[in-house]
Undergrad: 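The structure under discussion is supplied below as structure tokens; questions concerning it will follow.
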Amino acid sequence: MTLWCVGRNYQEHARELNNPIPEKPLIFIKAGACLHEGKTFTLPTWAGEIHHECELAIQLNAHLQPEKLALALDLTARQLQTQLKNKGEPWTLAKSFPQSCPISPAIAWPEDFTSLHFEFYKNSQLAQKGLVQDMIFSVPVLLDYLRTHFPLQAGDWVLTGTPAGVGPLKTGDKLTAQIQGKLSMEWAVI
């Protein structure tokens, strides 16, 4: 299983990190072993500041179509990512570390996906709010691009990008992600 991640798929997130708006989907991967289904997770001690990036995650079926939906955190060693980008090196070390993708339980793919919005709270304060309609590249466009260029498999996950509001985590933080009326998940950083 591979975690296919979409970078900069919300304009305001690209702007908050002073990145250009992409003209085509920006894809990177996390190892499947990064997926973490627990309600608690720890931050790596070697990586400096770790940022949360809450995202809608889509699991693919045998026909490489959306089958399930979940909420995921694409944890990012932000300072390390910046250093790697400045050197023109891959981001893998900043993105693909143990427990770097906490994920909620999955629900069946909703018919009303394009009207969904999700929210992420850190210590009861709203940090991120994402609307599917604000994605630069829609899910059909992303899936077509991924199927054309990459070896997708049944069971792979696609993380569709994060809205503005990313920020650092610390031990003791209490986190909640939700899709109103459909899904809610709580995590604790230990």
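This one's a predicted model, so the numbers in the text were calculated from it and none came from an experiment. Heads up: numbering here begins at 1 and tracks the sequence. We use all heavy atoms of the structure for the numbers below, so side chains are in, but hydrogens, waters and symmetry mates are not.
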Undergrad: Classify the ring geometry of Phe118 against Tyr10: parallel below 30°, tilted from 30° to 60°, perpendicular beyond 60°.
TA: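 Perpendicular: the ring planes of Phe118 and Tyr10 meet at over 60°.
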Undergrad: Within the 4.5 Å heavy-atom criterion, are Phe150 and Thr2 side-chain neighbours or not?
TA: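 They are not in contact (no side-chain heavy atoms under 4.5 Å apart), so the answer is no.
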Undergrad: Using the rule that Ile, Leu, Val, Met, Phe, Trp and Tyr join whenever any side-chain heavy atoms are under 4.5 Å apart, tell me whether Met135 and Trp157 fall into a single cluster.
TA: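 Different hydrophobic clusters.
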Undergrad: So how far is it from Leu131 CG to Glu119 CD, rounded to the nearest 0.5 Å?
TA: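 With rounding to 0.5 Å, CG (Leu131) is 9.0 Å from CD (Glu119).
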Undergrad: I'd like to know if the side chain of Asp173 reaches the main chain of Lys170, judged simply by a donor and an acceptor atom lying under 3.5 Å from each other, with no hydrogens or angles considered.
TA: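 Between the backbone of Lys170 and the side chain of Asp173 there is a qualifying donor-acceptor contact (under 3.5 Å).
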Undergrad: Report the distance from atom NE2 of His13 to atom CZ of Arg8, rounding to the nearest 0.5 Å.
TA: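 Answer rounded to 0.5 Å: 8.0 Å.
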Undergrad: Report yes or no: does Lys30 contribute a side-chain atom to a donor-acceptor pair with the main-chain N or O of Leu75 at less than 3.5 Å?
TA: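 The answer is yes, because a donor-acceptor pair under 3.5 Å joins these two groups.
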Undergrad: For Glu37, does the CD atom have more than 12 heavy-atom neighbours from other residues, nucleotides or ligands under 6.0 Å away?
TA: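 Counting neighbours around CD of Glu37, 12 or fewer heavy atoms of other residues, nucleotides or ligands fall under 6.0 Å, so no.
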Undergrad: State, yes or no, whether a side-chain contact exists between Trp109 and Asn61 at a heavy-atom distance under 4.5 Å.
TA: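 No, side chains not in contact.
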Undergrad: Establish whether Tyr121 and Leu71 are linked, either directly or via other cluster members, by ILVMFWY side-chain heavy-atom contacts under 4.5 Å.
TA: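 Hydrophobic grouping puts Tyr121 apart from Leu71.
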Undergrad: Taking side chain as C-beta onward, heavy atoms only, is Val6 less than 4.5 Å from Ile27?
TA: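 Touching, per the 4.5 Å side-chain cut-off.
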Undergrad: Rounded to the nearest 0.5 Å, what separates atom NE2 in His117 from atom CD in Gln178?
TA: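 With rounding to 0.5 Å, NE2 (His117) is 7.5 Å from CD (Gln178).
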Undergrad: May I have the step-by-step check of side chain to side chain contact (heavy atoms under 4.5 Å, CB included) for Lys122 and Leu169, ending in yes or no?
TA: CA-CA 9 Å; Lys122 182 169 68 173; Leu169 295 174; 3.9 Å; yes
Undergrad: Answer yes or no: is there a side-chain heavy-atom contact under 4.5 Å between Leu3 and Asp156?
TA: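 Not in contact.
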Undergrad: Using side-chain heavy atoms (C-beta onward) and a distance below 4.5 Å, is Phe120 in contact with Leu73?
TA: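 Yes, side chains in contact.
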Undergrad: Counting distance only, does the side-chain N/O of Glu55 pair as donor-acceptor with the main-chain N or O of Gly161 below 3.5 Å?
TA: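 Yes; at least one donor-acceptor contact below 3.5 Å.
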Undergrad: Mind listing the closest non-hydrogen atom pair of Pro66 and Ile58 along with its distance?
TA: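 In this case the closest contact between Pro66 and Ile58 is CB-CG2, 3.6 Å.
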Undergrad: What heavy-atom pair brings Ile50 and Pro44 nearest, and what distance separates the two atoms?
TA: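 Closest approach of Ile50 to Pro44, heavy atoms only: CD1-CG, 3.9 Å.
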Undergrad: Please report the shortest heavy-atom distance between Gly38 and Met185, naming the atom on each side.
TA: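 Looks like O-CE, 4.0 Å.
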Undergrad: Which atom names give the shortest non-hydrogen contact between Cys34 and Ser96, and what distance separates them?
TA: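 Shortest heavy-atom separation between Cys34 and Ser96 comes out as SG-OG, 3.3 Å.
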Undergrad: Return yes if some donor-acceptor pair links the side-chain N/O of Asn9 with the main-chain N/O of Phe137 below 3.5 Å, else return no.
TA: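 Judged by distance alone, yes, a pair lies under 3.5 Å.
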Undergrad: Within a 6.0 Å radius of atom CD on Glu111, are there more than 12 heavy atoms belonging to other residues, nucleotides or ligands?
TA: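 Counting other residues, nucleotides and ligands, CD of Glu111 stays at 12 neighbours or fewer.
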Undergrad: For residues Leu143 and Leu60, determine if any side-chain heavy atom of one lies less than 4.5 Å from a side-chain heavy atom of the other.
TA: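 Yes, their side chains come closer than 4.5 Å.
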Undergrad: How long is the span from the CD1 atom in Ile136 to the CD1 atom in Ile21, to the nearest 0.5 Å?
TA: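 If I round to the nearest 0.5 Å, the distance is 5.0 Å.
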Undergrad: So with a 6.0 Å cut-off around NZ of Lys39, is the heavy-atom count from everything else above 12?
TA: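 Not more than 12 within 6.0 Å, no.
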Undergrad: Give a yes or no on whether the backbone of Ile190 and the side-chain of Thr42 come within a donor-acceptor separation of less than 3.5 Å.
TA: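 Checking the backbone N and O of Ile190 against the side chain of Thr42, no donor-acceptor pair under 3.5 Å is found.
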Undergrad: Would a distance-only check, ignoring hydrogens and angles, find a side-chain to backbone donor-acceptor pair under 3.5 Å from Gln128 to Pro163?
TA: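 The answer is yes, because a donor-acceptor pair under 3.5 Å joins these two groups.
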Undergrad: Looking at Gln59 and Gly155, would you say the former's side chain and the latter's main chain have a donor-acceptor pair under 3.5 Å?
TA: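 A pair under 3.5 Å: yes.
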Undergrad: Ignoring hydrogens and geometry, is there a side-chain-to-backbone donor-acceptor pair from Gln79 to Glu49 under 3.5 Å?
TA: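 Flag set: sc Gln79 to bb Glu49 pair under 3.5 Å.
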Undergrad: Do Pro102 and Leu175 have side chains that approach each other closer than 4.5 Å (heavy atoms only, starting at C-beta)?
TA: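 They are not in contact (no side-chain heavy atoms under 4.5 Å apart), so the answer is no.
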Undergrad: Classify the ring geometry of Phe41 against Trp187: parallel below 30°, tilted from 30° to 60°, perpendicular beyond 60°.
TA: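 Rings of Phe41 and Trp187: perpendicular, as their planes differ by over 60°.
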Undergrad: Examine distances only and state if a side-chain atom of Ser100 and a backbone atom of Lys95 form a donor-acceptor pair shorter than 3.5 Å.
TA: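 Judged by distance alone, yes, a pair lies under 3.5 Å.
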Undergrad: Looking only at the side chains, is there a donor atom on one of Gln81 and Thr76 sitting less than 3.5 Å from an acceptor on the other?
TA: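 Note: Gln81 and Thr76 side chains miss the donor-acceptor criterion.
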Undergrad: Quick check for you: to the nearest 0.5 Å, what is the distance between Thr40 atom OG1 and Glu186 atom CD?
TA: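 Here the rounded value is 13.0 Å.
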Undergrad: Applying a strict under-4.5 Å side-chain criterion to I, L, V, M, F, W and Y, I'd like to know whether Val132 and Trp4 cluster together.
TA: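 Same hydrophobic cluster.
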Undergrad: I need the minimum non-hydrogen distance between Leu183 and Ala70, along with the two atoms involved.
TA: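 What the structure gives for the nearest pair is CD2-CA, 3.9 Å.
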Undergrad: Residues in side chain to side chain contact (heavy atoms under 4.5 Å, CB included) with Lys182, at least two apart?
TA: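 Listed in chain order: Ile107, Pro110, Asp112, Leu116, Ile179.
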Undergrad: Are Glu12 and Lys129 ion-paired here, with the side-chain N under 4.0 Å from a carboxylate O?
TA: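 No salt bridge links Glu12 with Lys129.
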Undergrad: Group every Ile, Leu, Val, Met, Phe, Trp and Tyr by side-chain heavy-atom contacts under 4.5 Å, then state whether Leu56 and Leu152 land in the same group.
TA: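 Yes; Leu152 is reachable from Leu56 via cluster members.
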Undergrad: Quick check: do Asp74 and Thr162 have side-chain heavy atoms less than 4.5 Å from each other?
TA: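 When only atoms from C-beta onward are counted, Thr162 and Asp74 do not touch, as no gap falls below 4.5 Å.
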Undergrad: Which word best sums up how the rings of Trp46 and Phe97 line up, parallel for under 30°, tilted for 30 to 60°, or perpendicular for over 60°?
TA: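 Perpendicular: the ring planes of Trp46 and Phe97 meet at over 60°.
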Undergrad: Checking Asn123 side chain against Lys174 main chain: does a donor-acceptor pair fall under 3.5 Å?
TA: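 Looks like yes, one N/O pair under 3.5 Å.
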Undergrad: Decide whether Phe113 and Val158 are clustered together by the hydrophobic rule: side chain heavy atoms of Ile, Leu, Val, Met, Phe, Trp, Tyr closer than 4.5 Å, transitively.
TA: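 Yes, one cluster joins them.
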Undergrad: Please name the pair of heavy atoms, one in Trp91 and one in Lys85, separated by the smallest distance, quoted to 0.1 Å.
TA: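 That closest heavy-atom pairing would be NE1-CG, 3.0 Å.
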